[in-house]
Amino acid sequence: MSEKRQQVSRRQFLNYTLTGVGGFMAAGMLAPMVRFAIDPALQASSTGEFKAVEDVENITEEPTRVDWEIDQVDAWYESTVTKTAWVYKDENGDIVALSPICKHLGCMVTWAGNDDYPDQFYCPCHDGRYYKSGENVPNTPPPEGLDYYEYKIEDGTLLLGPTKPRGEA
Amino acid sequence: MLQKLYDWVDERVDITPLWRDIADHEVPEHVNPAHHFSAFVYCFGGLTFFVTVIQILSGMFLTMYYVPDIENAWRSVYYLQTEVAHGQIVRGMHHWGASVVIVMLFLHTLRVFFQGAYKKPRELNWMVGVLLFFIMLGLGLTGYLLPWDNKAYFATQVTLEIAEKVPFIGEATKTLLAGDPNIVGAQTLTRFFAIHVFFLPAALFALMAVHFILIRKQGISGPL
Ligand code: HEM
Ligand code: FES
């Protein structure tokens, strides 16, 4: 055989075909499993519905905690979980509904939760603080202000929906 | 790129002899189906291994969704099969693979038996093979309970009653397996789960290692 016809040796040819067939089989085996495993990352997260939480006339200028229940479907497990918001009317009489979840690392904030700061939200985990508006107090751990709840008012009742970060508000 | 990476490691730790010792040896003519087509019977051992790999991989992935709890086991299987992408395929691989692996194992055993490949010096490996067979039956048995549906429940009920029939130690065996003298329930499921995904696979790996080391050491049996 001449040099030219030796471009692909028998050994190389067998190597390529075996690697190809083996790779094909491995991919066929692993593809469904990998897709199966990453499914939670690809599932659309349920956009929370709006729930009635309080009569608007009961809401004052003082942030007040309201709790309500939603039905949560967690894969095969269904339960009711309690959601919480801090709600008040601002100086224009508009509703403000803030998420209690600290923007530092996710603990729960409380209005006037620290006696030293009676007109701020306070997070006990690492002394994070927020003004009444929900803006974070500079030089405390939280990097940004508390999330807002989207809200609707129907027949004098306040309905709260999903939360939105400040950047998008 | 890959070659460079390989060379980098090889230069430092000399891995070439390691994999050559495992992978680089001649296939004798009498076991090569390209020479004698009837040599395909030598493939059954490898096919058993292949299906076992599928079982292990698909089992690992199923465990991402499955819960061994009587309230939720059935629901978690239903969920992974109907709601999770490719759930039906992954569960199907494990479900059908469990039967296919037994068929392959049986064909492999038949080949060894009819060729007399178990004879001296390979008696030990025959015994290891028999143990592997039992492990595999155990995996099928304990896995069968896990979906916690009616079929699973009553199959296990029957199994436990069979175990109970063993003279003297029967009742103790049944209680140990079921976790309770009278109830087939919460503790049965958790025990079967632990046996299915930890104890038996560990035994399986150890025995497979011995099986393969012995084959490598003794070589494949000669032509008939
Ligand atoms: C050669 C080894 C194995 C065999 C023969 C085997 C056999 C079985 C069988 C017969 C079932 C019932 C399937 C059904 O009814 O659909 C099952 C279920 C299951 N197995 Fe295995 N199995 C093996 C290895 C493994 C391993 C290594 C794991 C995990 C690390 C595992 C995890 C599971 C799980 C989570 C289930 C319940 C999900 C379901 O029922 O589909 N299996 N197995
Ligand atoms: S989590 Fe709130 S301050 Fe760290």
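Values below: every heavy atom of this structure, side chains too, minus hydrogens, waters and symmetry copies. Proteins get letters first, then strands, A, B, ... in listed order; numbering begins at 1 in each.
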Worksheet item: Looking only at heavy atoms, which two atoms of B:E83 and A:D39 are closest? And how far apart?
Response: O-OD2, 3.9 Å

Practice prompt. Check whether any side-chain N or O of B:Y78 sits under 3.5 Å from a backbone N or O of A:W76 as a donor-acceptor pair, and report yes or no.
Written response: no

Worksheet entry | Max heavy-atom pair count under 4.5 Å with chain A, selected residue of B:M60, B:E71, B:R75 | B:R75

Discussion item. Check this for me: A:N92, atom CG, are more than 12 non-hydrogen atoms of other residues, nucleotides or ligands nearer than 6.0 Å?
Written reply: yes

Worksheet entry | Nearest non-hydrogen partners of A:A37 and B:M64, listed with the distance | CB-SD, 3.6 Å

Discussion item. Minimum heavy-atom separation for B:F50 and A:M25, please, with both atom names.
Written reply: CZ-CE, 3.6 Å

Worksheet item: Counting only heavy atoms not in B:W96, do more than 12 fall under 6.0 Å of its CH2?
Response: no

Worksheet item: Side chain, backbone, both or neither: which part of B:I89 has a non-hydrogen atom closer than 4.5 Å to chain A?
Response: side chain

Worksheet item: Within a radius of less than 6.0 Å around CZ of A:R11, do more than 12 heavy atoms belonging to other residues, nucleotides or ligands occur?
Response: no

Worksheet entry | A:D94 atom CG, neighbour heavy-atom count above 12 within 6.0 Å | yes

Item to complete: Sequence neighbours left out, what pairs pass salt bridge (charged side-chain N to carboxylate O under 4.0 Å, His left out) with at least one residue falling in residues 121-132 of chain A?
Response: none

Worksheet item: Given that the side chain runs from C-beta out, which part of B:V90 has a heavy atom under 4.5 Å from chain A: side chain, backbone, both or neither?
Response: side chain

Worksheet item: Taking atom CZ of B:F199 as the centre, does the number of heavy atoms from other residues, nucleotides or ligands within less than 6.0 Å exceed 12?
Response: no

Worksheet item: At what distance, to the nearest 0.5 angstrom, does CZ of A:F36 lie from CD of B:Q81?
Response: 9.5 Å

Worksheet item: Atom CG in A:D74, atom OH in B:Y79: separation rounded to 0.5 Å?
Response: 8.0 Å

Response to the item:
Bottom line for A:I38: the part with an atom under 4.5 Å from chain B's heavy atoms is neither

Practice prompt. Report, as yes or no, whether the 6.0 Å neighbourhood of atom OH on A:Y77 holds more than 12 heavy atoms from other residues, nucleotides or ligands.
Written response: no

